[in-house]
Q: 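Sharing a structure with you now.
Letters A, B, ... mirror the listed sequences (proteins, then strands); counts begin at 1.
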Amino acid sequence: MPELPEVETTRRGVAPRVVGRRVKRLQVYDARLRWPVPADLAKRIEGRVIDRVDRRSKYLLFRFGDDTLLVHLGMTGSLRVHRKAPPRVLHDHVDLMLDDGTTLRYHDPRRFGAMLWVEGPADSHPLLRALGPEPFDASFNAEHCWNLARGRNVAVKLALMDNRMVVGVGNIYASEALFRAGIRPTARLKTISRARFGRLVEAVRAVLEEAIASGGSTLRDYVGSQGERGQFQFRHDVYARKGDPCRVCGTPIRMIRQGQRASFYCPRCQR
DNA sequence: CTTTTGACCTGACAGC
DNA sequence: TGCTGTCAGGTCAAAA
């Protein structure tokens, strides 16, 4: 689902509606997410004020003083803000009711997402501790990729989706970034030059930036904080465009399978 | 250590 | 109209 642009779009939509608000009531309708929603979450969170909403990788971090509500949207999750909550529909699993009457509602058909409570510094939480650099951070650069690539035989597309190289890049944006960088998804990491990594870094940043500006990509489930669909799917160069002409050279886009995931590329533009 | 595979879960769709 | 198989935006844990 949500890759970085969709999570960031959600963050930007949700934050202004919830920051400064006090949680009046937490209602868990179905606790069976990737990990169970903690049974004592209501007790911990009710009465507390949301100070800030941050994002790390694809996690949303709702800050309550020194403690954090950590939310992941998995493949099909979405978070919506309702001025007045409509009746629950299938797969609405959690409601955070705030002191001004608005409701933050978590919806997730496949339940691959997560909602956890972290006391104290969230950075040291097992889920966040080992994450690589944020794509827009200076520490994501050609040097970093080059160092990681030493002796590694994996395909570059798999490495892009591995959060040690960079976080936030999933199946859609990995294919899109590689197209823009002119690199085949199957290229072995150790064979890529420093200069090409430089181009890849810039391509990742550019595609994520444009996707955020378009409100992300909506393939099926994803919607933003007001229920709005993303628009970037109309601007994909390769993803889900198997057989369609490359926007640059007209060659039909190819689909292959890597690590049980579909990859798309232009056989002429990407070497 | 690296790399691959299976698992979690529901729904949509293609083909018989 | 069923039924079966495949696929879907993530990522952790175990196997090789």
Q: Please determine if Glu46(A) and Arg22(A) form a salt bridge, counting it only when a charged side-chain N lies under 4.0 Å from a carboxylate O.
A: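 Looking at Arg22(A) together with Glu46(A), the answer is no, because their closest N to O distance does not fall below 4.0 Å.
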Q: Salt-bridged, Lys242(A) to Asp244(A), with N to O below 4.0 Å?
A: no
Q: With distance as the sole criterion, is a donor-acceptor pair present between the side chains of Arg17(A) and Ser225(A) under 3.5 Å?
A: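 Arg17(A) vs Ser225(A): no donor-acceptor pair found between side chains.
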Q: How close or far is atom C1' of dC7(C) from atom CZ of Arg261(A), stated in whole angstroms?
A: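 Result: 11 Å.
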Q: Please state how far atom CG in Leu131(A) lies from atom C1' in dG10(C), giving the value in whole angstrom units.
A: 13 Å
Q: Pairs counted as Watson-Crick or G-U wobble with both distances under 3.5 Å: what dot-bracket string results for DNA chain B, using | for bases tied to another strand?
A: .|||||||.|||||||
Q: Heavy atoms from C-beta onward define the side chain here; which of dC9(B), dG10(C), dC7(C) lies closest to that of Lys58(A)?
A: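 Among dC9(B), dG10(C), dC7(C), the one nearest the side chain of Lys58(A) is dG10(C).
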Q: With a 4.0 Å cut-off on N to O distance, would you call Arg12(A) and Glu8(A) a salt bridge?
A: yes
Q: Report the distance from atom CG of Asp108(A) to atom P of dC9(B), rounded to the nearest whole Å.
A: 12 Å
Q: Determine: side-chain N/O of His72(A) to OP1/OP2 of dT11(C), distance under 4.0 Å, yes or no.
A: yes
Q: Expressed in angstrom and rounded to an integer, what is the separation of Met161(A) atom CE from dG10(C) atom P?
A: 6 Å
Q: With Leu158(A), which of Gln258(A), Met165(A), Arg261(A), Arg152(A) fulfils side-chain contact (heavy atoms from CB on, under 4.5 Å)?
A: Gln258(A)
Q: In the structure I gave you, are the side-chain heavy atoms of Phe62(A) and Trp117(A) within less than 4.5 Å of one another anywhere?
A: no
Q: Is the aromatic ring centre of Phe112(A) closer than 5.5 Å to the centre of the six-membered base ring of dC9(B), with the two planes inclined by less than 30°?
A: no
Q: May I ask you to decide whether Arg247(A) forms a salt bridge with Asp237(A), counting only side-chain N to carboxylate O separations under 4.0 Å?
A: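 Answer for the salt bridge query: yes.
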Q: Have a look at Leu90(A) and say if it touches a base, only the backbone sugar-phosphate, or nothing, with a 4.0 Å heavy-atom cut-off.
A: sugar-phosphate
Q: Mind calculating the distance between CG (Leu33(A)) and P (dC9(B)) to the nearest angstrom?
A: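 Whole-Å distance recorded here is 11 Å.
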Q: Between atom CG in Asp30(A) and atom P in dT10(B), what is the gap in whole Å?
A: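 So the two atoms are 9 Å apart, to the nearest Å.
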Q: Between Asp221(A) (CG) and dA12(B) (P), how many Å, whole number?
A: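 After rounding, the gap between these two atoms is 9 Å.
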Q: In whole angstrom, give the distance that lies between atom NZ of Lys242(A) and atom C1' of dC7(C).
A: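 Rounding to the nearest Å, NZ of Lys242(A) and C1' of dC7(C) are 12 Å apart.
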Q: Of Asn163(A) and Ser217(A), whose closest DNA chain C nucleotide lies nearer the 5' terminus?
A: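 That would be Ser217(A).
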Q: Say whether Arg83(A) and Thr102(A), considering side chains only, have a donor N or O and an acceptor N or O under 3.5 Å apart.
A: no
Q: What string of B, S and - do you get for nucleotides 1-7 of chain B, 5' to 3', if B is base contact, S is sugar-phosphate-only contact and - is no contact with any protein heavy atom under 4.0 Å?
A: -SS-BB-
Q: Determine the interatomic distance between P on dC9(B) and the same-named atom on dC3(C); round to the nearest Å.
A: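 So the two P atoms sit 23 Å from each other.
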Q: So, is His91(A) near the phosphate of dC9(B), with a side-chain N or O under 4.0 Å from OP1 or OP2?
A: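 So the side-chain polar atoms of His91(A) never come under 4.0 Å of the phosphate oxygens OP1 or OP2 of dC9(B).
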Q: Inspect the contact between Arg55(A) and Glu134(A) and indicate whether a charged nitrogen and a carboxylate oxygen are less than 4.0 angstrom apart.
A: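 So Glu134(A) pairs with Arg55(A) through a salt bridge.
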Q: Less than 4.0 angstrom from a charged side-chain N to a carboxylate O is my criterion; do Arg241(A) and Glu176(A) meet it?
A: no
Q: Base of dC9(B), side chain of Arg110(A) - is there a donor-acceptor contact under 3.5 Å?
A: yes
Q: Touch check for Tyr239(A), heavy atoms < 4.0 angstrom, all strands: base, sugar-phosphate only, or nothing?
A: sugar-phosphate
